[in-house]
Amino acid sequence: MMFIRYSHILFNCLIVLISFLIASASFADKPKLQLATIYQSGSDVSAYWVSEKLDGVRGYWDGKQLLTRQGYPITAPQWFIDNLPQQPLDGELWIGRGQFDAISALVRSAPGDNLELWSQQWRQVKYMLFDLPYSPARFSHRLTQLRNIVNDVDRDWIQLIDQRRLATDTELMVLLQQVVASGGEGLMLHHEDAIYKRGRSSDLLKLKLWQDAEARVIGYQPGKGKYAGMLGALLVEMPTGVRFKLGSGFTDQQRKNPPEIGSMVTYKYTGVSDNGVPRFASFMRIRLYGNPPENSAAQK
């Protein structure tokens, strides 16, 4: 009896150890990408290259395959990646402004039985390159390297994101208003002399009319009136432990099929209250990399 009890304990310990090793291996595979910090007024705008912040899915090319920001493989048609170099690339898989749900669903999908339809859906996707993770060059020179790569690849769906120079903060804000008015999300600023740094970098800035953050879904509030029988609001929890309701920004389809309990969602807001609750919070999307993509390759 004692032997059985100890065997059970050892078995449980073994399961915990295996789980830890698997988690550690998954973490080790996560690409070490450069992440942006928030733009602060007063920066010398003339020292930056400015581009639109695309509403797509981050795509890291490791020289052999496309990966999400969290390191999950992205299944793409062979023709889409055939001419990409062995050199790692950083970019965005993008269909167009306001098309995040479409590219998110496609990235999560697998060919299935209808390979032709799936491949045709990828024809609308562009891989918009914006950096070279392993180049030691400064950003202005990396842009020249990227242009050469795009020219060598010579495929319509492999493009360099448009980069421009502005002289003043006023010009920057005018461009921001124009981009947002056209359905864009915001702007990115790369310092001309920056080297590629893993993690948060003060040389890479993002600028929006609002802030955004992520929270975990912990419950639902039922809808009323025209939303009766559907979602009224998500109950979410921030990493700080602060909980609040997220009730706007949903389509009718999303209210009929709300994000799952435990999933991570991105929301936008304008400032926070004295008790740390985001003001005017509005749902944006389910975070793609909160859980492994649904195609089988991503689950390995």
Side-chain angles (χ1 to χ4, degrees), residues 31-61 69 87-94 96-98 100 126-151 158-214 239 266-272 278-280 282 284:
K32 295 177 175 60
L33 301 179
Q34 183 169 247
L35 304 175
T37 54
I38 296 175
Y39 173 83
Q40 301 293 331
S41 181
S43 300
D44 181 9
V45 174
S46 64
Y48 291 83
W49 288 91
V50 182
S51 62
E52 181 176 343
K53 186 180 188 304
L54 299 181
D55 189 18
V57 172
R58 185 91 172 253
Y60 171 66
W61 173 254
R69 177 175 153 184
Q87 182 177 7
L89 305 170
D90 199 357
E92 195 92 353
L93 294 167
W94 189 65
R97 289 169 174 167
F100 175 82
K126 291 181 174 58
Y127 187 25
M128 307 296 293
L129 303 180
F130 51 69
D131 220 328
L132 288 171
Y134 285 91
S135 171
R138 299 189 181 277
F139 185 71
S140 289
H141 187 58
R142 296 203 302 277
L143 274 184
T144 300
Q145 293 175 326
L146 278 171
R147 288 191 186 96
N148 292 335
I149 288 173
V150 170
N151 289 335
I158 309 297
Q159 299 184 11
L160 176 63
I161 191 169
D162 182 49
Q163 301 278 357
R164 67 183 73 184
R165 304 302 291 263
L166 301 173
T168 66
D169 191 75
T170 299
E171 289 183 14
L172 183 68
M173 294 304 165
V174 169
L175 178 60
L176 175 63
Q177 294 285 351
Q178 291 173 346
V179 167
V180 172
S182 299
E185 188 172 302
L187 301 175
M188 301 295 296
L189 293 85
H190 284 81
H191 196 281
E192 59 187 356
D193 293 328
I195 59 173
Y196 193 99
K197 300 176 183 177
R198 278 75 184 169
R200 296 288 170 189
S201 173
S202 58
D203 290 325
L204 175 61
L205 308 175
K206 59 182 177 181
L207 174 61
K208 300 181 179 182
L209 291 180
W210 58 78
Q211 297 168 280
D212 60 48
E214 293 165 345
T266 302
Y267 62 92
K268 61 182 180 181
Y269 66 103
T270 53
V272 296
R279 295 182 185 276
F280 309 109
S282 178
M284 292 181 68

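All of these numbers come straight from a predicted model, not from anything done at the bench.
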Does any N or O in the side chain of [X] come within less than 3.5 Å of the main-chain N or O of [Y], such that one atom is a donor and the other an acceptor?
X: R58; Y: D90; answer: no
X: R97; Y: D55; answer: no
X: S182; Y: G184; answer: no
X: S201; Y: L35; answer: no
X: Y39; Y: L187; answer: no
X: Q34; Y: K197; answer: yes
X: E92; Y: G56; answer: yes
X: R165; Y: Y48; answer: yes

Exercise. Can R142 be said to sit on top of Y134's aromatic six-ring, NZ or CZ under 6.0 Å from centre and within 45° of the ring axis?
Worked result: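 Verdict for Y134: no cation-pi partner in R142.
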Exercise. Is the Lys NZ or Arg CZ of R164 less than 6.0 Å from the centre of W49's six-membered ring, within 45° of the axis?
Worked result: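 No; the conditions do not both hold, so R164 does not lie above the ring face of W49.
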Exercise. Once you round to the nearest 0.5 Å, how far does CG of L146 lie from CG of L132?
Worked result: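 These two atoms lie 4.0 Å from each other.
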For this session: Rounded to the nearest 0.5 Å, what's the gap from OG on S43 to CG on L172? Could you check?
Result: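 Nearest 0.5 Å value for the OG-CG distance: 9.0 Å.
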Exercise. Which of parallel (below 30°), tilted (30 to 60°) and perpendicular (above 60°) describes F130 and H190?
Worked result: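 Answer is tilted, since the angle falls between 30° and 60°.
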For this session: Evaluate side chain to side chain contact (heavy atoms under 4.5 Å, CB included) for Y196 paired with L33, printing each intermediate quantity in order.
Result: CA-CA 9 Å; Y196 193 99; L33 301 179; 3.7 Å; yes
